[in-house]
There are 2 protein chains.
Amino acid sequence: MRYFVAVAEELHFGRAATRLHMSQPPLSRAIKQLEADIGALLFTRSPVGVTLTPVGTVLLDEARALLDHADRVRVRVSAAAGVATLTVGILGDGTDPGVARLAAAYRRDHPGVDIRIRDTDLTDPTCGLRAGLVDIALTRAPFDETALTVRALRTDPVGVVLRADDPLARRDRLRLADLSDRRWFQFPQGTDPLWQSYWNGGRPRAGPAVRAVQECLQAVLWSGTVGLAPLGHDLPAELAVVPLIDMAPSRVVAVWNEGDTNPLIRSFVEIAITAYRH
Amino acid sequence: MRYFVAVAEELHFGRAATRLHMSQPPLSRAIKQLEADIGALLFTRSPVGVTLTPVGTVLLDEARALLDHADRVRVRVSAAAGVATLTVGILGDGTDPGVARLAAAYRRDHPGVDIRIRDTDLTDPTCGLRAGLVDIALTRAPFDETALTVRALRTDPVGVVLRADDPLARRDRLRLADLSDRRWFQFPQGTDPLWQSYWNGGRPRAGPAVRAVQECLQAVLWSGTVGLAPLGHDLPAELAVVPLIDMAPSRVVAVWNEGDTNPLIRSFVEIAITAYRH
DNA sequence: TGCAACAATACCCACAGGGTATCGGCGTTG
DNA sequence: CAACGCCGATACCCTGTGGGTATTGTTGCA
């Protein structure tokens, strides 16, 4: 299940394998075996890329829910066994090494606490905070903040992601008006409106609906849409990012449920604040 | 998880192993490893018997729910892949070979259908029919039949289960009145009232609350309570069963949700009827 | 003080699931 | 248009998990 979700989110066997800390051939074999067990193909493989079949789409939702459930069982049973757990939600693929160092620092200071990192896709900036999937989220504003406590950590300037061969990609800065005739990728309906509107620059020119970082990049690469991203992340060579000068910078924040009195949250936020103020 | 649930339900490593179609030592080792992973003991082992620790009790509920969830994922994904599934609920430990033969007969007649047998504990005579855990239940009356369709299959005379050294165990038949001074085991609160009242002969003299067949037998063996059971099942040598002559016989029935138009249900019921009319 | 019951231990074996090296098919490019 | 590069599939190896049998250890019980 974890293997399948990784491939479905990356839409790329090689990348999924590195994310799972394993090599590509056993991953291919495992997926093949899963497909044999189910009796249907889960992915369409083509050299241009991997996509989900209808059966795969069904399984992706089910598998995510099942893995969430299993995680909650672990937390509850650990709690019954007297081991405190703090679940931290982060947005997108957890390749950001900053979070790993943060977690390591926290583990050093609180040896008895079991700290878990939970990646979420881009459709919920609160990382499932309201649903109880995480205790605290390290994420980006803006989103509906009712019943949540938000603490600012950092701001990042924002740029537009384009194909490297796009005429605009050679400019050293852009305005939103320069992109008025472009199609923007959207998030699926049901996504927080503030979030949705921020990341498509307030434009309703709907392109494909994406859920994950890799899907965003693929949307730009394949269907020629444009999308926004915070600066300072590495991109594949076929993509370029150009700073936007009339866009409010992206605020990195820590969020937790307003009434949550778990003392581990406070101490984690303290460590996060000092870590982000480098 | 499946191993743990089996041991927790049988409260006996050897029996759990046979139920899991494996031998006892690897099962012991697997549980030990699970306990190491969790960081707490799940069972208290003593030669007089195995009991759940508080952590084990928590895990039992969680593990049951998680296994149910996983089962439903399998069914839904199979459905998306075009494979029809029929889930049959049966009560108690599925050691009854009759059900296995029934399932085999059905598989022969309907090769494309994936038929699953799901054991349930004794606290829900409908085997989770209303919750959608099963499509059809082979179980025993009586229970609340609203919104359910019930089809009679057979009746079994009922007897009382006693310790073999109980004075009453030597009698060749008993009346309910002979047991008026005994404590009866109960089912946990929330259990269907009709069901509960039938199996304790209408007596409210509460003994321990049990969930599974093995717990019933242990309750009789250890705490000296009495309980009813249909005749014709083998019991351990320390227990005896004496026919009750003033007790309505137990009705074996097939049940399904009233509005369920799944044609597989009808055909399964047909096969069940002919199989039970031997 | 044996004896019976039952979980734990010791030890063995097979295969699932990991790894590396390589192939094949299909775009891209000079 | 041929050579190359990307990426998933295949071939093959090797370790460790998870199954098995035989035996021990402990504890009530006769």
Side-chain angles (χ1 to χ4, degrees), chain A residues 1-38 40-53 56 163-166 214-215 217-218 221-224 235-239, chain B residues 1-38 40-53 56 163-165 214-215 217-218 221-224 234-239:
Chain A
M1 289 291 101
R2 273 177 39 239
Y3 293 1
F4 167 75
V5 171
V7 176
E9 281 175 357
E10 299 286 343
L11 291 176
H12 188 293
F13 280 73
R15 277 197 302 267
T18 55
R19 180 170 136 187
L20 292 165
H21 305 293
M22 64 189 289
S23 61
Q24 171 258 322
L27 178 58
S28 284
R29 206 178 38 186
I31 297 293
K32 197 182 191 57
Q33 186 172 322
L34 179 61
E35 289 176 323
D37 284 352
I38 292 173
L41 289 179
L42 296 169
F43 298 102
T44 60
R45 286 91 155 162
S46 86
V48 58
V50 172
T51 55
L52 278 168
T53 63
R163 289 181 62 121
D165 56 5
D166 190 298
Q214 291 301 333
E215 280 186 83
L217 302 183
Q218 284 202 354
L221 200 52
W222 293 1
S223 56
L235 288 174
E238 313 87 49
L239 293 177
Chain B
M1 289 292 102
R2 273 177 39 239
Y3 293 0
F4 167 74
V5 170
V7 176
E9 281 175 358
E10 299 286 343
L11 291 176
H12 188 293
F13 279 74
R15 277 198 302 267
T18 57
R19 179 169 138 187
L20 292 166
H21 305 294
M22 64 189 290
S23 61
Q24 172 257 322
L27 178 59
S28 285
R29 205 179 39 186
I31 298 292
K32 197 182 191 59
Q33 185 173 322
L34 179 61
E35 289 176 322
D37 283 353
I38 292 173
L41 289 180
L42 297 170
F43 298 103
T44 60
R45 285 92 156 162
S46 86
V48 58
V50 172
T51 55
L52 278 168
T53 64
R163 289 181 63 120
D165 55 5
Q214 292 302 333
E215 280 185 84
L217 301 183
Q218 284 203 353
L221 199 53
W222 292 1
S223 56
D234 12 323
L235 288 173
E238 313 87 49
L239 294 178

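Just so it is clear: chains get the letters A, B, ... in the order the sequence lines come, proteins before strands, and each one is counted from 1. Everything quoted here is computed from the prediction, not taken from an experiment.
- Every residue meeting the salt bridge (Lys or Arg N to Asp or Glu O under 4.0 Å) condition with B/Glu9, not counting sequence neighbours, appears here in chain and number order: B/Arg19, B/Arg64.
- Of all non-hydrogen atoms in A/Glu10 and A/Arg15, the two that sit nearest each other are O-NH2, 3.1 Å.
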Sequence neighbours left out, cut at 3.5 Å: what donor-acceptor pairs do the side chains of residues 25-34 of chain A make with other protein atoms?
residue: A/Ser28; atom: OG; partner: A/Gln24; partner atom: NE2; Å: 3.0

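- If you measure from atom CD1 of A/Ile31 to atom P of D/dC7, you get 17 Å, rounded to the nearest angstrom.
- Side-chain contact between A/Phe43 and A/Leu52 is present, with heavy atoms from C-beta onward closer than 4.5 Å.
- For B/Arg2, there are no salt bridge (Lys or Arg N to Asp or Glu O under 4.0 Å) partners at least two apart in sequence or on another chain.
- Residue A/Lys32 has a polar side-chain atom (N or O) positioned under 4.0 Å from OP1 or OP2 of D/dT10.
- For DNA chain C, the outermost nucleotides in 5' to 3' order that have an atom under 4.0 Å from a heavy atom of chain A are C/dG17 to C/dC26.
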Identify all pairs in which a protein N or O lies below 3.5 Å from an N or O of nucleotides 11-19 of chain D, and state each distance.
residue: D/dG19; atom: OP1; partner: B/Tyr3; partner atom: OH; Å: 2.5
residue: D/dG19; atom: N7; partner: B/Arg29; partner atom: NH2; Å: 2.5
residue: D/dG19; atom: O6; partner: B/Arg29; partner atom: NH1; Å: 3.1
residue: D/dG19; atom: O6; partner: B/Arg29; partner atom: NH2; Å: 3.4

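- For B/Thr44, the side chain to side chain donor-acceptor pair (under 3.5 Å) partners at least two apart in sequence or on another chain are B/Thr51.
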